[in-house]
2 protein chains.
Amino acid sequence: MSDHIKRFKKIIQKLRENHHKITPQRLAIVKILAQSKGHPSVENIYGKIKQDFPTMSLATVYRNIVLIKSLGEVLELGFPDGSNRYDGNKPYPHPHLICIKCKKIVDPDLDSLDDMKNEVANETGFKILNHRLDFFGICSSCQEEK
Amino acid sequence: MSDHIKRFKKIIQKLRENHHKITPQRLAIVKILAQSKGHPSVENIYGKIKQDFPTMSLATVYRNIVLIKSLGEVLELGFPDGSNRYDGNKPYPHPHLICIKCKKIVDPDLDSLDDMKNEVANETGFKILNHRLDFFGICSSCQEEK
DNA sequence: TTTTCTGCAAATGCTTTGCATGGGA
DNA sequence: TCCCATGCAAAGCATTTGCAGAAAA
């Protein structure tokens with residue numbers, strides 16, 4: 001079974017467990033989040049669903065994202081300019097690499113972060129619960145263009 | 001000469017070099033940014049200045065922060081909930097440790113980040129220009145309280 | 001004197017919320 | 001049937017902007 005189908009089923013199961021109704025709108029939102037290779041924005045999600053479901057409302061997208069976030073099944077990548085992006089595939093904190101030209105977001109492999117977390121915790125006495133690491137740059141396709 | 005006086009002079013100099021006028025409002029904002037041990041918010045800055053300068057406007061704080069940012073002399077720590085914070089002491093990217101209870105922000109020592117940047121660049125072909133690393137947790141004073 | 005800066009208020013843009021209707025279970 | 005979920009429109013909130021008067025240089 002492919003990864004995104006597993007994620008889809010997992011999220012739906014989580015919703016059922018918590019006695020939330022499975023509506024067509026919710027189903028459509030979960031489907032997109034579970035695929036979410038490109039870290040979609042709210043507008044992305046809204047736009048895609050609106051094609052086959054013209055009455056879909058933005059408020060419904062927002063409310064469902066809040067809900068799914070509260071179940072721990074989507075990671076919100078918030079940006080101060082309001083261009084938030086969502087990752088329903090890997091809902092746990094992990095580093096991101098963001099192209100400032102085409103806005104593509106990819107997940108690099110990196111595992112030295114845990115050591116860093118422990119180092120910081122020991123040094124400062126903080127109990128560290130969460131983190132966020134973004135690298136900003138220009139992806140290889142955007143470097144080719146002039 | 002203390003560090004924050006150096007920063008203050010440096011920012012004022014940068015303003016002069018770029019032919020910006022030195023107004024009392026601007027001076028007050030720079031003074032707070034240059035001290036900025038606690039990574040102040042716009043509201044912090046505005047509130048402090050308003051005490052001796054009652055006509056000070058929020059728009060002026062925002063406009064001056066945009067200006068000083070454009071000169072590269074303040075680091076903006078943007079958060080999606082609009083609780084942005086500013087660091088005029090170390091205007092270059094560096095890791096932050098944020099207490100989710102008291103909202104304190106401290107700068108831990110960490111130097112393994114450059115290796116990580118190179119690793120990611122090599123792995124992905126990105127040209128990395130910038131980064132942002134935040135750890136979220138509970139500081140030692142907040143851990144003591146129940 | 002000239003040009004930039006400030007203060008005020010209105011505008012923006014994303015997100016949230018109130019309320020009445022609609023639709024899962 | 002009984003609530004929860006949805007759609008719509010209005011409200012929120014940090015930030016930006018237009019404009020006329022004030023003040024650096």
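Because the structure is a prediction, the values reported are computed rather than measured. Letters A, B, ... mirror the listed sequences (proteins, then strands); counts begin at 1.
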Between [atom2] on [N] and [atom1] on [X], what's the gap in Å once rounded to a whole number?
| X | N | atom1 | atom2 | value |
| --- | --- | --- | --- | --- |
| A:Y46 | C:dG13 | OH | C1' | 15 Å |
| A:I29 | D:dT6 | CD1 | C1' | 10 Å |
| B:L27 | D:dA23 | CG | C1' | 15 Å |
| A:N64 | C:dG24 | CG | P | 14 Å |

* To do: Check every strand shown and say whether A:H20 touches a base, only sugar-phosphate, or nothing at a heavy-atom separation below 4.0 Å.
  => sugar-phosphate
What nucleotide among [options] has an atom nearest to a side-chain atom of [X]?
| X | options | answer |
| --- | --- | --- |
| B:A59 | D:dG7, C:dA25, C:dA9 | C:dA9 |
| B:N84 | D:dG7, C:dG24, D:dT15 | D:dT15 |
| A:T55 | D:dG7, C:dG24, C:dT15 | D:dG7 |
| A:P24 | D:dT17, C:dG24, D:dA25 | C:dG24 |

* **Nearest-nucleotide 5' precedence on DNA chain C, B:K21 against A:D81** => B:K21
* Asked: How are the rings of B:H96 and B:H39 set to each other: parallel, tilted or perpendicular (split at 30° and 60°)?
  -> perpendicular
* Test for a donor-acceptor pair under 3.5 Å between the base of D:dG18 and the side chain of B:R63, counting only N and O atoms. => yes
* So, does the side chain of A:R26 form a donor-acceptor pair with the base of C:dG24 at under 3.5 Å? -> no
Can a side chain N or O of [X] be found less than 4.0 Å away from OP1 or OP2 on [N]?
| X | N | answer |
| --- | --- | --- |
| A:T60 | D:dG7 | yes |
| A:T23 | D:dT6 | yes |
| A:Q25 | C:dG24 | no |

